[in-house]
Amino acid sequence: MKQKLRWGIVGLGSIANHFVKDLALVEASELVAVASRNLDKAQEFSKTYASKYAFGSYEELFKCTEVDVIYIATPHSFHAKIAIDAMYYGKHILCEKPLGVNTAEVVKMFEAAKENNVFLMEALWSRFNPSIQKITELIAEGVIGGIKYVHADFAFPALHRDDENRLLNPNLAGGSLLDIGIYPVFLAYLLLGKPDDIMASSKFYKTGVEMQTAMIFDYPDAQAVLYSGLNSKSAMKAEISGTKGAIYINPRWHEAQGFELELNEKITKFDLPTKGRGYYYEILEVQNCIGNKELESTLWNHEDSRSLIGLLDSIRAKTGVVFPFEE
């Protein structure tokens with residue numbers, strides 16, 4: 001029997017809790033170690049999910065010879081340093097989106113991956129979602145014709161949270177854009193590539209973080225209208241309109257359980273429920289890539305991550321989003 005892929009987790013918040021439940025569904029992977037700067041938190045997480053080790057520092061996890069790959073689920077501002085440090089210990093990396101806070105960080109991460117000959121992937125789970133996969137297949141087949149319009153939004157109210165919360169704290173690269181705006185931007189990029197021009201406008205919160213951002217991506221023959229926000233709720237639907245038909249991804253589109261295809265005024269429903277929460281598919285991708293000795297995914301490669309952070313940088317430049325640690 002082939003040895004299981006042995007996982008460690010850094011950053012033990014709500015996303016890590018969802019992730020580890022899906023990890024348990026992947027037969028050839030297992031959770032071996034978890035790490036937090038708070039040992040009690042690590043021990044509690046370890047007890048809940050039955051990991052062999054619980055560490056009170058990240059470096060202890062990086063040094064653990066029984067860990068092959070590390071999933072990083074800390075706030076954005078820590079992604080680059082943690083990933084780079086871990087890669088110098090020879091660990092493969094799956095890092096939550098955004099991979100880094102800006103292009104400069106992401107480039108350093110790629111350099112570290114290349115230097116240490118390790119796998120590195122941005123945990124953009126929507127890319128591996130069965131509905132998104134099927135939609136890209138249908139579009140590639142020309143089912144809805146040439147795409148002329150994409151709309152996607154992602155917003156939920158977060159103002160009830162403490163100002164030190166990662167979403168509202170500028171020192172943790174808070175705000176809507178990098179946390180949830182990345183999803184609409186990703187969809188436009190996935191379907192239409194890089195735009196010729198970007199128009200964007202943001203509103204800001206008292207802590208200095210950007211709270212809502214409206215974007216228009218302009219292409220030679222198409223447009224994408226995108227939105228993210230933390231001060232109100234949106235429907236979280238996505239619409240892809242072509243010359244022959246349209247695709248509608250129901251709420252919450254970034255973790256879609258299916259979609260609707262409209263052709264000649266006839267609607268066809270596709271039901272594609274995810275296994276677990278949906279992290280299962282990116283975990284499987286990591287497992288397959290590492291098993292095949294591939295250092296990046298063909299579905300979401302380093303160039304895709306670099307393009308995505310470049311688009312987010314451009315939006316930030318247009319709207320004046322700067323974090324204190326970048327100044």
Side-chain angles (χ1 to χ4, degrees), residues 1-97 99-100 108-109 112-113 115-125 128 166 172 275-297:
M1 183 179 170
K2 199 174 180 182
Q3 186 183 26
K4 287 187 174 183
L5 188 65
R6 302 168 299 179
W7 287 77
I9 297 181
V10 170
L12 307 179
S14 61
I15 294 173
N17 277 271
H18 294 311
F19 179 89
V20 77
K21 289 171 186 172
D22 277 16
L23 182 63
L25 301 174
V26 183
E27 288 183 15
S29 283
E30 65 176 333
L31 178 65
V32 170
V34 299
S36 171
R37 288 172 177 166
N38 180 328
L39 181 58
D40 290 341
K41 186 174 184 179
Q43 289 173 336
E44 184 181 341
F45 193 99
S46 175
K47 186 178 178 182
T48 302
Y49 298 110
S51 72
K52 186 175 180 180
Y53 299 106
F55 298 119
S57 76
Y58 300 156
E59 190 175 18
E60 287 177 276
L61 175 52
F62 303 159
K63 289 179 176 177
C64 182
T65 57
E66 293 176 53
V67 171
D68 304 309
V69 56
I70 294 174
Y71 170 62
I72 299 169
T74 62
H76 317 321
S77 52
F78 302 115
H79 287 180
K81 179 173 177 15
I82 292 171
I84 290 168
D85 287 350
M87 285 188 281
Y88 277 102
Y89 281 99
K91 302 305 183 192
H92 302 297
I93 301 293
L94 174 65
C95 181
E96 260 311 323
K97 51 80 199 159
L99 197 56
K108 288 177 184 174
M109 294 168 83
E115 186 176 338
N116 294 284
N117 200 39
V118 294
F119 176 85
L120 168 65
M121 189 178 88
E122 184 174 23
L124 200 66
W125 66 324
F128 308 96
R166 67 175 185 87
L172 298 178
K275 189 163 186 174
R277 182 72 179 258
Y279 296 97
Y280 171 86
Y281 303 96
E282 67 177 1
I283 295 167
L284 209 57
E285 178 71 4
V286 172
Q287 181 177 286
N288 291 338
C289 288
I290 292 174
N292 293 325
K293 302 193 181 322
E294 295 164 357
L295 299 183
E296 54 185 295
S297 165

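- Shown here are the side-chain contact (heavy atoms from CB on, under 4.5 Å) partners of R37, two or more places apart in sequence or in another chain: Y58, F78.
- For the ring-ring contact (aromatic ring centres under 6.0 Å, His included) test with Y279, the passing option among W7, W125, F128 is W125; the others fail.
- Here L124 contributes atom CG and S297 contributes atom OG; the two are 10.5 Å apart, rounded to the nearest 0.5 Å.
- Remark: D40 pairs with N38, Q43 by the side-chain contact (heavy atoms from CB on, under 4.5 Å) rule, at least two apart or across chains.
- Between the CG atom of L39 and the OG atom of S36 there is a distance of 8.5 Å, given to the nearest 0.5 Å.
- Considering all non-hydrogen atoms of both residues, S57 and A35 come closest at O-CB, 3.7 Å.
- One distance of note links CD1 of I283 with CG of L23; it measures 5.0 Å at 0.5 Å rounding.
- A distance of 8.0 Å separates SG of C95 from CD1 of I82, quoted to the nearest 0.5 Å.
- H79 NE2 to E122 CD: the interatomic distance, rounded to the nearest 0.5 Å, is 9.5 Å.
- For the atom pair NE2 (H76) and CZ (R166), the distance works out to 5.5 Å, reported to the nearest 0.5 Å.
- With a 4.5 Å cut-off on side-chain heavy atoms, L120 and L295 do not count as touching.
- Taking the salt bridge (Lys or Arg N to Asp or Glu O under 4.0 Å) definition, one finds that E60 meets it with nothing, sequence neighbours left out.
- The salt bridge (charged side-chain N to carboxylate O under 4.0 Å, His left out) analysis of residues 276-285, with sequence neighbours excluded, yields the pairs E255-R277.
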Using atom types as modelled, flag every donor-acceptor pair under 3.5 Å from a side chain in residues 68-75 to any protein atom, sequence neighbours excluded.
| unit_1 | atom_1 | unit_2 | atom_2 | d |
| --- | --- | --- | --- | --- |
| D68 | OD1 | R6 | NE | 3.4 |
| D68 | OD1 | R6 | NH2 | 2.9 |
| D68 | OD2 | R6 | N | 2.8 |
| D68 | OD2 | R6 | NE | 3.1 |
| Y71 | OH | E96 | OE2 | 2.6 |

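- Qualifying side-chain contact (heavy atoms from CB on, under 4.5 Å) partners for Q287, counting only residues two or more places apart in sequence or in other chains: L5, V26, A28, S29, L284.
- Residues A112 and M87 share a closest heavy-atom pair of CB-CE, 3.8 Å.
- Residues meeting the side-chain contact (heavy atoms from CB on, under 4.5 Å) test with L25, sequence neighbours left out: D22, K275, Y280.
- When the side chain to side chain donor-acceptor pair (under 3.5 Å) test is applied to E59, the partners found at least two apart in sequence or on another chain are Y89.
- For the salt bridge (Lys or Arg N to Asp or Glu O under 4.0 Å) test, residues two or more places apart in sequence or in another chain that qualify with K81 are D85.
- Taking all atoms of both residues into account, the shortest heavy-atom contact from M109 to A83 is CE-CB, 3.6 Å.
- When all heavy atoms of S46 and V34 are compared, the closest pair comes out as CB-CG2, 3.9 Å.
- Listed here is the closest heavy atom pair of M121 and V286: CE-CG2, 3.8 Å.
- Judged as a ring-ring contact (aromatic ring centres under 6.0 Å, His included), and not counting sequence neighbours, H92 has no contacts.
- Between the N17 side chain and the G13 main chain, a donor and an acceptor come within less than 3.5 Å of each other.
- In this structure, the ring-ring contact (aromatic ring centres under 6.0 Å, His included) partners of F45, at least two apart in sequence or on a different chain, are Y49.
- Among residues two or more places apart in sequence or in another chain, the side chain to side chain donor-acceptor pair (under 3.5 Å) test is passed with Y53 by E66.
- Without hydrogens or angle criteria, T48 side chain to E44 main chain gives a donor-acceptor distance under 3.5 Å.
- With a 4.5 Å cut-off on side-chain heavy atoms, V118 and K91 do not count as touching.
- Of all heavy-atom pairs spanning L12 and A42, the tightest one is CD1-CA, 3.7 Å.
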